[in-house]
Engineer: 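Here you go, one structure.
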Amino acid sequence: MKNRSLIIKIFIAIIAILICIFLYFNTGLKGFERKVDDIELSENINKIAIKSDIGDSGGNGNYSTYRVVLVVKTEMTMSELDNELESKNITFHYHITECKGKVFESPRRFKLTFEKLDEVNDFSGYYFIEFIK
């Protein structure tokens with residue numbers, strides 16, 4: 001009887017852990033990051049790196065805004081890249097800025113460092129796309 005009770009408790013614990021893992025990767029910040037990463041872009045746009053974090057929206061200062069930053073490399077202009085994203089009917093806000101180094105910094109005191117850009121010397125054609133939810 002004790003073994004049966006122990007097996008049931010272990011089974012419940014495993015189910016709870018699996019539910020938590022599912023929720024972590026499919027909702028919240030990681031879920032938002034996955035949605036951004038799943039955006040299909042044309043073949044002349046190369047996804048270089050993606051990072052996410054929670055930051056300030058600039059409204060109430062509670063640092064509860066999901067932010068995902070995608071680094072892309074393309075021969076497109078910023079305007080052409082914006083048109084490409086608009087054609088995707090993305091349901092969340094985004095901002096495109098030229099990449100001038102490995103650190104992305106938004107006007108809202110939000111900063112991410114992309115180590116994958118350490119080896120880049122010429123940032124021509126590199127853009128940060130900040131997605132906000």
Engineer: Which residues satisfy the side chain to side chain contact (heavy atoms under 4.5 Å, CB included) test with K111, sequence neighbours excluded?
Structural biologist: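 For K111, the residues satisfying side chain to side chain contact (heavy atoms under 4.5 Å, CB included) (neighbours in sequence not counted) are V103, E105.
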
Engineer: Do the non-hydrogen side-chain atoms of K47 and D37 ever get within less than 4.5 Å of each other?
Structural biologist: yes

Engineer: Quick one: side chain to side chain contact (heavy atoms under 4.5 Å, CB included) partners of E86, sequence neighbours excluded?
Structural biologist: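 Only D82, Y94 meet the side chain to side chain contact (heavy atoms under 4.5 Å, CB included) criterion with E86.
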
Engineer: Starting from I8 and following side-chain heavy-atom contacts under 4.5 Å between hydrophobic residues (I, L, V, M, F, W, Y), which residues can be reached?
Structural biologist: I12

Engineer: Suppose we screen for side chain to side chain contact (heavy atoms under 4.5 Å, CB included). Which residues come up paired with E43, at least two apart in sequence or across chains?
Structural biologist: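 Not a single residue meets the side chain to side chain contact (heavy atoms under 4.5 Å, CB included) criterion with E43.
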
Engineer: Residues two or more places apart in sequence or in another chain: which of them pass salt bridge (Lys or Arg N to Asp or Glu O under 4.0 Å) with E98?
Structural biologist: K100

Engineer: For D122, check salt bridge (Lys or Arg N to Asp or Glu O under 4.0 Å) against everything at least two apart and list the hits.
Structural biologist: none

Engineer: Just verifying a value: how many Å separate E75 CD and I45 CD1, rounded to the nearest 0.5 Å?
Structural biologist: 11.5 Å

Engineer: With Y127, which residues qualify under side-chain hydrogen bond (donor to acceptor under 3.5 Å, both in side chains), at least two apart?
Structural biologist: none

Engineer: Can you sort out the partners of D118 under side chain to side chain contact (heavy atoms under 4.5 Å, CB included), two or more places apart, ordered by chain and number?
Structural biologist: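 Result, side chain to side chain contact (heavy atoms under 4.5 Å, CB included) vs D118: K102, E115.
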
Engineer: How about N46 and T74: do any of their side-chain heavy atoms sit closer than 4.5 Å?
Structural biologist: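 Of all side-chain heavy-atom pairs linking T74 with N46, none is under 4.5 Å.
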
Engineer: Hey, does I50 have a side-chain heavy atom less than 4.5 Å from the side chain of E33?
Structural biologist: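 Sidechains of I50 and E33: in contact.
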
Engineer: So, using salt bridge (Lys or Arg N to Asp or Glu O under 4.0 Å) as the criterion, who are the partners of K9 when residues are at least two apart?
Structural biologist: none

Engineer: Can you sort out the partners of K116 under salt bridge (Lys or Arg N to Asp or Glu O under 4.0 Å), two or more places apart, ordered by chain and number?
Structural biologist: none

Engineer: Could you pull out all residues at least two apart from N44 that satisfy side-chain hydrogen bond (donor to acceptor under 3.5 Å, both in side chains)?
Structural biologist: S42

Engineer: Mind checking side-chain hydrogen bond (donor to acceptor under 3.5 Å, both in side chains) for S106 and listing every partner two or more places apart, or none if nothing turns up?
Structural biologist: none

